Amino acid sequence: MLDIKLLREKPDFVRERLAARRGGDDAKVAEVLAEDERRRNALAETEKLKARRNSASKEIGALMAQKKAAEADAMKAEVRSIGDRIAELDREVADAVARRDDLLLSIPNLPHPSVAHGATAEDNPEIRRWGSPPAFPFKPLNHVALCEKLRLIDFARGAKLSGSGFLLYTGWGARLERALINFLLELHQNEHGYREVAPPYIVGEHCMVGVGQFPKFKDQAYAVQEGLDASTLGKLYLLPTAEAPVANIHREEILLGPDLPVRYVAYSPCFRAEAGAAGVGTRGMIRVHQFDKVELIKIVHPDSSYDELASMVRNAETVLQRLGLHYRVINLCTGDMGFASAMTYDIEVWAPGQGQFLEVSSCSNCEDYQARRMNLRFKDPVSGDNRFPHILNGSGTALARLFVALVETHQQADGSILVPEPLRPYLKADTIPAGS
RNA sequence: GGAGAGGUGGCUGAGUGGUUUAAGGCGCACGCCUGGAAAGCGUGAGUAGCUAAACACUACCGGGGGUUCGAAUCCCCCCCUCUCCGCCA
């Protein structure tokens, strides 16, 4: 969430930054400030009364010790009426805080000043391209045809088991998926300095709030309940990204300065309801309800967060370079950025069978927006103050679309798929044979 | 799921209704002492709110609610940890 002090001190600046976003509702600023004002007024009064009550209670104790019961009783009556007013004011404070915080939780992060103004994905500046689209001396197939021909994925039976949007990986397909997961984890751990963690795949609601998934995207999550006990519904959710548990690992802690930067890499499946997205580019593996992803998370000092973002993007790019896949990096404009992000780079890989770039990684600096929501702080070694660190997340990378680009790019004239050299130790094969 | 025990500051550990503004100890920071150190002595130190800032004040003893003039302490609900039992990959 945003810093309430920033809203108090520079409300016009906040309004202007919010207006630059798609869905940035700058009208909420005034509502937040009104609740904050109500809270402070009630708080000032209740604290004065509490000070009076505390001192009076001590006096009562002294009077009773001196056996002055009549005087003590008179004071008790006075304090009792103060107590009623305190209870009233405390309710007002609690109500104002609840309303203020509900509003704050629904306000997105402010875009970094350098982010390009724009409305849609059309306005995202392209930063760079790597490699070039492969040229085929034969008619290349798309991944759906390839997967069916090589029996990598059984789309029909996946849908039979769990409905459309769920994949059944089979044979070489399952092995390739597993090889990719291991390749990615080991790359980021061994070469890029991330610590590997394996998180729960079900997370509490507070974690979803912490990273900014909730309350806005509640309709996109799978809620789970315990058995038939519907009263447990709404407490636990299947994770839409490993960011949800991993970014929250240190929530409500005060990290020591030397602990930073913290860098984690985690594999997890990701579950997304994709409500309302049916029929939009849903053929094959491009948009599915469950996919695998290797996620990168960093918790860093505010001064170094943009350097850390740049290196995170390079870490994700390394994946595509090693696998010999053509890609481009774009910088999301104000209108296309995610809810919690101050700046986002997307990496899009070229899928020859689709004739388009597919997003396989999104690397964001959320600055202190998430840290504030999860009350994660660090002790600044210079000032000794407790401050909010910056939290970054990036896919390193999403697997389903990587799978698509890989098989489409490296398909051979004989129908086999050439396995890129760095992946061979993991798959224990040079090619996926045509007649598998 | 059942039974029992527990949750107090960075750690340890007192505290069953009123100078507790949470004792004592360990550890920490600073100072005195010393040639230097240790020991000793002294001082300080939690988190947040409020404030332009500071002082003061308020809140915080797992979380929430209640009783009371006053709650770490009494009552109720919940969460977590540990031990044993049951079930289980």
Side-chain angles (χ1 to χ4, degrees), chain A residues 1-11 32-102 104 198 200-207 209-210 224-236 245 248-259 368 371-389:
Chain A
M1 63 175 80
L2 299 178
D3 186 356
I4 182 68
K5 287 177 189 154
L6 181 66
L7 270 76
R8 267 186 224 146
E9 288 160 18
K10 298 179 178 174
V32 170
L33 291 175
E35 294 297 343
D36 187 52
E37 184 70 18
R38 185 161 76 92
R39 166 185 150 276
R40 281 194 290 168
N41 289 339
L43 191 64
E45 192 181 344
T46 192
E47 286 194 355
K48 259 184 221 164
L49 293 175
K50 282 177 183 174
R52 171 63 190 147
R53 180 177 69 182
N54 286 346
S55 63
S57 291
K58 275 184 191 168
E59 287 176 48
I60 291 170
L63 288 170
M64 289 176 73
Q66 296 164 38
K67 310 282 185 199
K68 295 179 179 173
E71 291 174 47
D73 285 347
M75 283 195 85
K76 280 188 193 179
E78 182 211 333
V79 178
R80 190 179 298 122
S81 70
I82 291 179
D84 293 343
R85 178 65 181 149
I86 287 173
E88 203 176 298
L89 287 164
D90 280 352
R91 273 194 298 275
E92 171 137 1
V93 171
D95 182 63
V97 168
R99 286 169 182 272
R100 183 194 70 177
D101 290 349
D102 277 354
L104 275 176
Y201 298 157
I202 295 177
V203 294
E205 183 181 26
H206 56 291
C207 289
V209 172
V224 295
Q225 68 180 39
E226 289 178 17
L228 298 175
D229 184 356
S231 73
T232 62
L233 191 63
K235 293 180 179 168
L236 295 172
N248 276 287
I249 286 174
H250 298 289
R251 62 177 292 123
E252 287 154 44
E253 293 181 19
I254 300 175
L255 299 172
L256 300 177
D259 292 342
D368 62 8
R372 207 171 244 112
R373 290 169 83 102
M374 59 181 76
N375 198 25
L376 164 61
R377 289 161 296 168
F378 76 101
K379 195 167 281 293
D380 192 299
V382 179
S383 64
D385 294 336
N386 293 328
R387 301 176 60 189
F388 293 105

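Convention: sequence-line order gives letters A, B, ...; per-chain numbering from 1. Fair warning: this is a prediction, and the values are worked out from it, not measured in the lab.
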A/R377 has its side chain closest, among B/G18, B/U47, B/U58, to B/U47
Compare the minimum distances between each of B/A59, B/U47, B/G49 and the side chain of A/K50, then state the nucleotide with the smallest one.
-> B/A59
Kindly indicate whether the side chain of A/R85, heavy atoms from C-beta on, has any atom under 4.5 Å from the side chain of A/E45.
-> yes
A/N54 side chain N/O closer than 4.0 Å to the phosphate oxygens (OP1, OP2) of B/C57?
-> no
Answer yes or no: is there an ion pair linking A/K50 with A/D90, defined by an N-O contact shorter than 4.0 Å?
-> yes
Watson-Crick or G-U wobble mate for B/U81, both contacts under 3.5 Å = B/A5
When you check the phosphate oxygens OP1 and OP2 of B/G70, does a side-chain N or O of A/R52 lie under 4.0 Å from one of them?
-> no
Could you work out which one of B/U51, B/U21, B/A59 sits closest to the side chain of A/R40?
-> B/U51
Charged N to carboxylate O below 4.0 Å: is that the case for A/R39 and A/D95?
-> no
Indicate yes or no: does A/D36 engage A/R40 in a salt bridge with an N to O separation below 4.0 Å.
-> yes
Closer than 4.0 Å, any side-chain N/O of A/K76 to the OP1 or OP2 of B/G18?
-> no
Please give the nucleotide sitting opposite B/A39 as a Watson-Crick or G-U wobble pair, both distances under 3.5 Å, or none.
-> none
Which nucleotide in B/C69, B/A48, B/C57 has an atom nearest any side-chain atom of A/E47 = B/C57
